[in-house]
Amino acid sequence: MIIIEEFKEYAINNKNENVFNKQILYKFPNNYGTSVVSGPFTYGIELAVIFFSNENWDIDYDTPVTNDVLGHLNKESLKQALEDIYNLPIK
């Protein structure tokens with residue numbers, strides 16, 4: 001799994017790991033975050049925009065970043081997506 005050093009402090013403990021895929025959750029100060037997944041049953045590195053409500057989160061399909069899951073990411077495109085989500089305005 002690729003970890004983007006600039007956002008390492010926003011990575012949170014993930015309780016949703018399974019045998020097949022690796023997942024990293026990020027939670028940003030604007031209550032948005034990401035679920036970054038990679039494994040044999042994914043499109044390479046995949047990212048979903050998520051929104052936190054208390055300690056729960058759901059995928060948010062209605063953001064300027066994307067209205068779907070982003071797949072086939074590399075280190076640079078992942079970093080750009082994290083920056084874009086970090087900079088979303090607070091809901």
Would you say the side chains of N87 and E83 form a donor-acceptor pair under 3.5 Å? no
Side-chain H-bond candidate by donor/acceptor type, E46 with S38, under 3.5 Å: no
Rounded distance (nearest 0.5 Å) linking atom [atom1] of [X] with atom [atom2] of [Y]:
X   : Y   : atom1 : atom2 : value
F51 : I59 : CZ    : CD1   : 14.5 Å
W57 : T34 : CH2   : OG1   : 9.5 Å
I12 : L25 : CD1   : CG    : 5.0 Å
N54 : N31 : CG    : CG    : 9.0 Å

Can you name the side chain to side chain donor-acceptor pair (under 3.5 Å) partners of N74, sequence neighbours left out? S77
Just wondering, do N21 and T42 contact through their side chains at under 4.5 Å, heavy atoms? yes
Beyond-backbone contact of L47 with S35, side-chain heavy atoms, under 4.5 angstrom: no
Results of ring pair (Phe, Tyr, Trp, His ring centres under 6.0 Å) for Y26 - residues two or more places apart only: none
Is it true that a side-chain atom of N67 and a backbone atom of D62 form a donor plus acceptor pair closer than 3.5 Å? no
Within 6.0 angstrom of Y86 OH, more than 12 heavy atoms from elsewhere: no
Around atom NZ of K91, are there more than 12 heavy atoms of other residues, nucleotides or ligands at under 6.0 Å? yes
Kindly write out the residues that satisfy salt bridge (Lys or Arg N to Asp or Glu O under 4.0 Å) with K79, not counting sequence neighbours, or none if the list is empty. E6
According to a 4.5 Å side-chain heavy-atom criterion applied to Ile, Leu, Val, Met, Phe, Trp and Tyr, with indirect links allowed, do [X] and [Y] form part of one hydrophobic cluster?
X   : Y   : value
I85 : V69 : no
I3  : V36 : yes
Y61 : I50 : yes

Locate the shortest heavy-atom distance separating Y32 from P89; write the atom from each residue and the value. CE1-O, 3.4 Å
Show the numbers, then the answer: is there a ring-ring contact (aromatic ring centres under 6.0 Å, His included) between F7 and F28? CA-CA 9 Å; F7 294 98; F28 300 129; 5.7 Å; yes
Kindly indicate whether a cation-pi arrangement holds for K27 with F52, taking the cut-offs as under 6.0 Å to the six-membered ring centre and within 45° of the axis. yes
